Participant: 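The structure's right below; bear with me while I get my questions together.
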Amino acid sequence: MTYDDTLSRLIRNNEFDALWRYLESESHLPGPRGNLELIAAVVRQCTLHQIDPLRTEFELWLRTPLIDAPVNSSAEFPVACTAAGLAAWIETDADRTVAAIAGSAHDQRWRTREAVTIGLQQIGRSNPDPVLDLIQFWGASGDAFLERAALVTLADTPLLKNPGATQMGLDLVDRIIGRLQGLPQAQQKTEGNQVLAKSLGFVISVFVAADPSDGFARMERWLMQADKGTRRILNENLGKARLTKKYGTEVARLKGIEFEINDWDRH
């Protein structure tokens, strides 16, 4: 029996306690990698079974405290599945859905935060408009955790095929870098901004690879205006294989600019 078969049966019969136990048992946790295939199946089944009892149960699961479902435990996995699955309701009831998953985007558990982006990406591949609208809203929120969720969700090749999506990603990065650089050093080091900076360390390369002409031009401008933290983020992106393998000349040119800036700082 496939994941989808089992999930469908449990959902249709309102066997939510059994559903929780099933997700725990198939979580692959504790361990280095959770069961992403099962998370994807949960999103599919939520799309097919948009019933109030399931949604109400999932919203209850989202309130499971850290002490009862700690990071990297099997008990966290149903919470993460919930954070992904609730994205299925984004078109039919956006306000309630966004309120629920925004809380998960701030969760102390990194797998649960990541599941928000997994769910939105999966829904966005077949129904991009409400997801892109949410990305634009979160990306302009000034909230580091929501900005991070917006960027990571958008850094998905199928989503970037939508008209204007890559431009949106580069614009969001522009705005977010500007916000971070305008903060005192102590505020740049808050948990939310540190999580955001870590994600910036790879998403920029995804957007640049999708539109190298505009992307490399922007990276050059960002380098010329960057503080040390931003230069570190840009350097991480310049080391990504998606850029070095196809755009070696541009990468080398920008690394040369970075070297000159660093050398100037040393003097």
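Nothing here was measured: the structure is a model prediction, and the numbers come from that model. These values consider heavy atoms only, across backbone and side chains, with no hydrogens, waters or symmetry-generated copies.
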Participant: Do T64 and T82 come within less than 4.5 Å of each other through their side chains, counting heavy atoms only?
Facilitator: no
Participant: Under a 4.5 Å cut-off applied to non-hydrogen side-chain atoms, are L54 and Q45 in contact?
Facilitator: no
Participant: Answer yes if L154 and V195 sit in the same cluster of Ile, Leu, Val, Met, Phe, Trp and Tyr residues linked by side chain heavy atoms under 4.5 Å apart, and no otherwise.
Facilitator: no
Participant: Within a radius of less than 6.0 Å around CD of Q50, do more than 12 heavy atoms belonging to other residues, nucleotides or ligands occur?
Facilitator: yes
Participant: For E191, I'd like to know if atom CD has over 12 heavy atoms of other residues, nucleotides or ligands within 6.0 Å.
Facilitator: no
Participant: Should E24 and R21 be marked as a salt bridge (charged side-chain N to carboxylate O under 4.0 Å, His left out) after you check the CA-CA gap, both sets of side-chain angles, and the distance that decides it?
Facilitator: CA-CA 5 Å; E24 278 191 307; R21 292 193 298 271; over 6 Å; no
Participant: Quick one: do R111 and E114 make a salt bridge, cutoff under 4.0 Å?
Facilitator: no
Participant: Is it the case that over 12 heavy atoms from other parts of the model lie below 6.0 angstrom from the CG atom of D68?
Facilitator: yes
Participant: Transitively linked via ILVMFWY side-chain contacts under 4.5 Å: L183 with L234?
Facilitator: yes
Participant: Assess the residue pair S8 and D5 against the criterion (side chain to side chain donor-acceptor pair (under 3.5 Å)); give the C-alpha distance rounded to whole Å, side-chain angles, the decisive distance to 0.1 Å, and a yes or no.
Facilitator: CA-CA 5 Å; S8 179; D5 291 336; over 6 Å; no
Participant: With no hydrogens and no angle check, do the side chains of T117 and R148 hold a donor and an acceptor under 3.5 Å apart?
Facilitator: no
Participant: How close do L29 and S74 get, heavy atom to heavy atom, and via which atoms?
Facilitator: O-CB, 3.6 Å
Participant: One thing to verify: whether E147 and R175 come together as a salt bridge, which I'm taking to mean a side-chain N less than 4.0 angstrom from a carboxylate O.
Facilitator: no
Participant: Within the 4.5 Å heavy-atom criterion, are K228 and R231 side-chain neighbours or not?
Facilitator: yes
Participant: In Å and rounded to the nearest 0.5 Å, what is the CG to CD1 distance from L134 to I90?
Facilitator: 4.5 Å
Participant: For N193 and Q188, which heavy atoms make the closest approach, and how far apart are they?
Facilitator: CB-O, 3.3 Å
Participant: Less than 4.5 Å apart, any side-chain heavy atom of N14 and any of I51?
Facilitator: yes
Participant: How about E15: does its CD atom have over 12 heavy atoms from other parts shown lying under 6.0 Å from it?
Facilitator: yes
Participant: Counting only heavy atoms not in R242, do more than 12 fall under 6.0 Å of its CZ?
Facilitator: yes
Participant: Considering all heavy atoms of both residues, which atom of L159 and which atom of N162 are nearest to each other, and what is their separation?
Facilitator: O-ND2, 2.9 Å
